[in-house]
Amino acid sequence: MTFPIREAVALAPTITRYVIEAPLVARKRQAGHFVIVRVAEGGERIPLTIVDGDAGRGTITLIVQAVGKTTRQMAALRAGDALADVLGPLGNPTPIAVHGAVACVGGGVGTAELLPIARALRAAGNAVHAVIGARHRDLVILETEMAACADSLAITTDDGSRGRMGLVTGPLEELMEARRIDAVYAIGPLAMMRAVAEQTRPRQVPTWASLNALMVDGTGMCGGCRVTVGGAMKFACVDGPEFDAHAVDFDELVRRARMYAAEERAADTRFQAACASGGGA
Amino acid sequence: MTARAASANPLKPAARVKIPRQHPHEQAAAARAANFEEVSQGFDAPHALIEAARCLECRDAACTRGCPVGVDIRGFIQRLLVKDFAGAAARVREANALPAICGRVCPQETQCEATCTVGRRFAPIAIGLLERFVADWEARQGPIVPPPRPPALGVRVAVVGSGPAGLTCAADLARLGYGVTVFEALHAAGGVLRYGIPEFRLPKAILDQELERVRALGVEIRTNVLVGRTASLDELFAEWGFDAVFLATGAGTPTFLGIPGEALCGVYSANEFLTRVNLMGAASFPVRDTPVKIGREIAVIGGGNTALDAVRTARRLGAERALLVYRRSRAEMPGRLEEIRHAEDEGIEILFLTNPLRIAGDDQGWVCSLECQRMELAEPDASGRRRPVARAGSEFVLPVQTVIEAIGQRPNPIVQSTTRGLAVGPGGVVTVDGDQRTNRPAVFAGGDLARGGATVILAMRDGRRAAASIHRYLRERAGAPAAPATEVAP
């Protein structure tokens, strides 16, 4: 049994939105859940956050940026193709509470993972202030969707090609200056989440970060996704993926995330060479 | 069958025991330390027949009492003696759905071969190797012919987990006419047989073949379903319509020592390391996508079969110095004797009475050494094994780039934590009675989930007991007279 792709739509040059048939997952998914995907036989298992779901149609939505071999392989798939394996929903759903005013901060493709959380927070009665950042204007995604569920939306790009030039921390600082912010949800690159945590720590604003640690099974079996939170070992897959950002040891996480950097580069180069020669991988 | 009078063996008992125990061909240690092919090649037919002729065909069959699933050992050896290999295979399969696996991974020296009458004075009959021969012979006989199915009872049982407990239970129930669906969270079935036991001890082609035979009984195996997340236990009854559930999700949660340095790059749980290699094919990276990192010098912490599997795997991946660090002595090592011998032959150094204190890293966050201390044995502890105590001032440093912790696993917590009212004991072990019943009606459990970490064959015994117990429960519920326990139980 495979998992057919119903839709594959490019959101940006390297970012694709997939609607995938996974009826069992669709019935149970909540904001914050993720799935483990194996694109094809022989492939690795990668965790991907569920962006949306439709229990009636039996589909889930994933948004994936092609950054390595497996995600490039996935980017080559079209509607009508299928994924070999989809397991989920995994992890704990995001704890959605009534905080008051909440800042939702997304970096890069992390914005896709932030969207269902922002929606759920808004539905729960919070005022949602969104800040989304990207390297370049082409990589700004889900602007309309975020705007629809946010009371305010700020956009930043590293090069200033869209919205404000700079990092998401700029608008976040202004938000916290201008009004009381009761909680912050940050999803994006580790460096971004760490910066947000450092920014909210002195103000003692409760902050959640969603940790996309390396994992194999996603069910608590391998321990590869272990992170140190408040001095204790936690497994991102079963204890997370969201944790108190002020308690996370980001330095350790950054080192562990680079553990297979050389192998990831080698696999990617090999895959792209094979694609260029028309041989596939 | 009456024993000696009807024996096909012309030799008198005194002559039988004079035959030396036969040994199968094994790959030379130097060669096999560099490949993942099976170490032991098993018996060929002539050797199997010679070995079978050593059996005294004892009337009381003490060997069968030593077998957790009660294989009729004398019976299958008697079929072997008349070269009825198919009959021998059928006899084994009556009690054991996975003989090609048990013949390879069971600790026979503490079970059937420990109770063998010949073994009191001579080397015991090589029962495990004969079982393997029979199963391998069967596997070579072309496509699997599905056995005749009993009439469908229209009653459905869910088995959660496709490891040895789950597969055994599923096979027994399917033979009785139940509709059985096995749920597996990973993308491939087999549980610990798939992700845990390496190719050189249990080739995955053998596992695939045994799975095919279980499917041929009518069992449906559904991968990519994590019960507790994809569907809850209660939903299996209320929405999926199952009449009973057997929980056999194993002991898949790795335990860490809790020493400093465990978050360094280059530290693995044995579970992760073995899963990367066995399930994900990391030895074939980059042809397969999943990598694994192995240093020139590596240390595996632990003394059980998982630790042995990990250290021998690391050796095959190219570790020049592969150490096993164990805090007790050789006598307390829980690993299977044959595996310890194989490991040492392959150049594995075992550091007995050695306790790890901390893992040190370089400035990039990678493992560079393991600090240990020497231990000595004091009086026995609760486990009956002599308790290791530290020798003051005995600290020393091992230069290693990879550390693999194989100090035991706990039950997977997902089903317990997502199911209301399921009784769970210390360490997350699901509480069961002697019939594998949990405190919830229609819910049974077994294998490592109910034991906390044991062997393949004990998991299989639980699976058999659970099948018998589920059968009784479902018949009683349907108002039929209680089925005699002997119908499936050994």
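The sequence lines fix the lettering, A, B, ..., with proteins before strands; numbering per chain opens at 1. Hydrogens, waters and symmetry mates are skipped; everything else that's a heavy atom, side chains included, is used.
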Does any non-hydrogen side-chain atom of [Y] lie less than 4.5 Å from one of [X]?
X      : Y      : value
A/L214 : A/R256 : no
A/T2   : A/E21  : no
B/V403 : B/I301 : yes
B/D289 : A/Q73  : yes
A/F3   : A/V37  : no
B/V456 : B/I197 : yes
B/T249 : B/I414 : no
A/F34  : A/N212 : no

Name the option with the most non-hydrogen atom pairs under 4.5 Å to chain B; the candidates are [options].
options                       : answer
A/M215, A/E264, A/R38         : A/R38
A/V216, A/I36, A/T228         : A/V216
A/M221, A/H33, A/R29          : A/M221
A/A22, A/A267, A/G218, A/G220 : A/G220

Positions in residues 78-95 of chain A that reach chain B, provided some heavy atom is under 4.5 Å away: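 Answer by number: A/A84, A/D85, A/V86, A/L87, A/G88, A/P89, A/L90, A/G91, A/N92.
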Return the minimal non-hydrogen interatomic distance between [X] and [Y], and the atom names on each side.
X      : Y      : value
B/A270 : B/I404 : CA-CG2, 3.6 Å
A/A124 : A/I96  : CB-CG2, 3.7 Å
B/L370 : B/P356 : CD1-CB, 4.0 Å
A/W208 : A/D244 : CD1-N, 4.5 Å
B/L233 : B/V227 : N-CG1, 4.2 Å
A/A213 : A/P47  : O-CG, 4.2 Å

Could you look at [X] and say if it's the side chain, the backbone, both or neither that has a heavy atom under 4.5 Å from chain B?
X      : result
A/R255 : both
A/M233 : side chain
A/T70  : side chain
A/V238 : both
A/R226 : side chain
A/R45  : both
A/E252 : side chain

Atom CZ of A/R258 with >12 non-hydrogen neighbours under 6.0 angstrom: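 Open: at most 12 neighbouring heavy atoms sit under 6.0 Å from CZ of A/R258.
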Whether over 12 other heavy atoms sit under 6.0 Å from A/K234 NZ: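 No, the 6.0 Å shell around NZ holds no more than 12 heavy atoms from other groups.
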Among [options], single out the residue with the greatest number of heavy-atom pairs under 4.5 Å to chain A.
options                : answer
B/R276, B/E262, B/R222 : B/R276
B/A263, B/G365, B/S269 : B/A263
B/N271, B/N224, B/T290 : B/N224

Rounded distance (nearest 0.5 Å) linking atom [atom1] of [X] with atom [atom2] of [Y]:
X      : Y      : atom1 : atom2 : answer
B/D448 : B/R410 : CG    : CZ    : 13.5 Å
B/L226 : A/T219 : CG    : OG1   : 6.0 Å
A/C225 : A/D239 : SG    : CG    : 8.0 Å

With a 4.5 angstrom heavy-atom cut-off, is it the side chain or the backbone of [X] that approaches chain A, or both, or neither?
X      : answer
B/L274 : neither
B/Y268 : both
B/V292 : backbone
B/T275 : side chain
B/E239 : side chain

Test item: side-chain donor near acceptor, B/S232 and B/D234, under 3.5 Å: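 Their side chains do not contain a donor-acceptor pair, so the 3.5 Å distance test is not met.
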Chain A contact residues among residues 278-286 of chain B, heavy-atom distance under 4.5 Å: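 The list, in residue order, reads B/M280, B/F285, B/P286.
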Interface residues of residues 182-191 of chain B facing chain A - heavy atom cut-off under 4.5 Å: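 Within residues 182-191 of chain B, the residues that come under 4.5 Å of chain A (heavy atoms only) are B/A185, B/L186, B/H187.
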Verdict with reasoning, B/K293 to A/E263, per side chain to side chain contact (heavy atoms under 4.5 Å, CB included): CA-CA 9 Å; B/K293 288 278 206 182; A/E263 286 76 12; 2.9 Å; yes
Residues in side chain to side chain donor-acceptor pair (under 3.5 Å) contact with A/K28, at least two apart in sequence or another chain: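 Listed in chain order: B/E235.
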